[in-house]
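Written out below as structure tokens is the structure these notes cover.
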There are 2 protein chains.
Amino acid sequence: MPKHGSETWCGCPIRYGATVLGDAWALLILRDLVFKGARHFGDFVAADEGISTNILSDRLRMLDREGIVTREADPDRAVRVIYRLTPKGRALVPVLLAIVNWSETWDVRTEVPGPFIEAYRADPEGFSESLIAELEAGDAAD
Amino acid sequence: MPKHGSETWCGCPIRYGATVLGDAWALLILRDLVFKGARHFGDFVAADEGISTNILSDRLRMLDREGIVTREADPDRAVRVIYRLTPKGRALVPVLLAIVNWSETWDVRTEVPGPFIEAYRADPEGFSESLIAELEAGDAAD
DNA sequence: TTCTCTAACTTGCAAATTGCAACTTAAGTG
DNA sequence: CACTTAAGTTGCAATTTGCAAGTTAGAGAA
């Protein structure tokens with residue numbers, strides 16, 4: 001598969017999407033950022049129940065390179081790093097919610113809280129926008 | 001990462017999504033099924049510009065196992081196999097379109113025809129539904 | 001000052017997965 | 001009966017992953 005930016009790269013949107021989302025660990029990292037408020041390296045290690053730290057390191061680097069997350073030093077404890085979603089990263093919320101809705105509909109093992117999925121289905125765009133607004137507000141509060 | 005159906009599996013919708021969509025080749029195969037009308041093994045080989053036939057074979061098997069595509073013998077030429085999206089597979093259309101919209105918005109190299117993306121943005125749900133209806137009609141016509 | 005703790009990684013290595021090329025099978029076609 | 005097309009499979013080298021252990025760096029305690 002050609003690399004993004006190579007000569008044989010084409011303008012296909014799914015192909016670009018695949019370079020970011022076409023990786024199971026990256027999807028779970030994004031999940032933790034959006035739905036679980038993960039901000040630190042250790043949060044992802046704890047939440048994913050099984051990601052190796054070298055893989056996590058690699059994927060966070062990729063998400064940073066693609067402009068989806070930023071890395072900052074924690075002003076309180078310099079040893080900590082804060083990962084945050086950029087606007088480009090928050091713009092993935094509709095994609096993640098569409099996946100949530102699909103899994104909830106078609107996979108019997110998947111369980112999503114009723115009120116959550118009902119609110120999404122009633123107004124997908126509005127629901128996405130409020131979740132994005134919440135994430136923005138959460139970031140500004142830090 | 002636990003396997004779908006294992007003891008440690010949880011009901012997380014993104015995790016299930018990741019087993020299907022968290023693979024770059026699977027995403028490209030789905031793209032070819034939805035947007036390029038690919039139906040035969042050779043269509044995917046030609047369209048993806050680089051997928052190995054062993055990987056393609058493996059991913060089509062996975063999509064079949066997950067109930068996203070079906071495999072049928074071609075009634076005209078028995079040597080051919082027809083791959084088709086199931087309703088579960090067609091239900092991924094909103095996910096793919098959300099990815100298309102995201103890439104078009106945030107990746108400068110991505111190029112989507114103006115009318116297509118404008119129609120999607122004007123009414124994402126309606127656009128998804130008509131694309132799904134088109135796919136259903138196309139299948140019935142074969 | 002040194003000791004210990006926490007957090008975020010990096011390193012080394014075995015195991016699994018991928019990519020490439022060649023080969024196989026099966027059904028028509030001339 | 002050779003030839004062609006379509007859909008794979010096989011073998012193997014190279015890359016990537018997963019696991020465990022080690023490293024670095026800051027902050028507080030002894």
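The chains referred to below are lettered A, B, ... by the order of the sequence lines, with proteins before strands, and numbering in each begins at 1. What's counted below: heavy atoms across the whole structure, side chains too, no hydrogens, waters or symmetry copies.
Side-chain N or O atoms of B:R84 include none that pairs as donor or acceptor with a backbone N or O of B:R39 at under 3.5 Å.
As rounded to whole Å, 10 Å separates atom P of C:dC9 from atom CG of A:D64. For the pair B:F44 CZ and D:dA6 P, the computed distance is 15 Å after rounding to whole Å. The interatomic distance linking A:M1 (CE) with C:dT17 (P) rounds to 17 Å, in whole Å. Atom CG of B:D76 and atom P of C:dT29 are 11 Å apart (whole Å).
Look at A:R77 and you won't find any side-chain N or O under 4.0 angstrom from OP1 or OP2 of D:dG26. Remark: A:R59 is not in phosphate contact with D:dT16, judged by side-chain N or O atoms under 4.0 Å from OP1 or OP2. Under 4.0 angstrom from either OP1 or OP2 of C:dA7 there lies no side-chain N or O belonging to A:R39.
Nearest nucleotide to the side chain of B:A78, out of D:dA25, C:dA8, C:dG28: C:dG28.
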Output a table of donor-acceptor pairs, distance under 3.5 Å, between side-chain atoms of residues 108-120 of chain A and any protein atom two or more places apart or on a different chain; print 'none' if there are none.
{"from": "A:T110", "atom 1": "OG1", "to": "A:D107", "atom 2": "OD2", "distance (Å)": "2.6"}

Which pairs would a plain distance check flag for residues 52-60 of chain A, meaning a side-chain donor or acceptor within less than 3.5 Å of a matching protein atom at least two apart in sequence or in another chain?
{"from": "A:R59", "atom 1": "NE", "to": "A:D23", "atom 2": "OD1", "distance (Å)": "3.1"}
{"from": "A:R59", "atom 1": "NE", "to": "A:D23", "atom 2": "OD2", "distance (Å)": "2.9"}
{"from": "A:R59", "atom 1": "NH2", "to": "A:D23", "atom 2": "OD1", "distance (Å)": "2.8"}

What pairs of donor and acceptor atoms, side-chain ones from residues 25-33 of chain B against any protein atom, are under 3.5 angstrom apart with sequence neighbours left out?
{"from": "B:R31", "atom 1": "NH2", "to": "B:D48", "atom 2": "OD1", "distance (Å)": "3.0"}

Using residues 61-70 of chain A as the side-chain source, report each donor-acceptor pair under 3.5 Å to any protein atom, sequence neighbours left out, with the distance given to one decimal.
{"from": "A:E66", "atom 1": "OE1", "to": "A:Y16", "atom 2": "OH", "distance (Å)": "2.8"}

Pairs: protein N or O with nucleotides 8-11 of chain D N or O, under 3.5 Å:
{"from": "D:dG8", "atom 1": "OP1", "to": "B:R71", "atom 2": "NH2", "distance (Å)": "2.8"}
{"from": "D:dG8", "atom 1": "OP2", "to": "B:Y83", "atom 2": "OH", "distance (Å)": "2.4"}
{"from": "D:dT9", "atom 1": "OP2", "to": "B:S57", "atom 2": "OG", "distance (Å)": "2.6"}
{"from": "D:dT9", "atom 1": "O4", "to": "B:T53", "atom 2": "OG1", "distance (Å)": "2.8"}

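Listed by first then second residue, pairs satisfying ring pair (Phe, Tyr, Trp, His ring centres under 6.0 Å) with a partner in residues 29-87 of chain B number zero, not counting sequence neighbours.
Along DNA chain D, the nucleotide closest to A:W25 and the one closest to A:V79 are compared, and the more 5′ of them pairs with A:W25.
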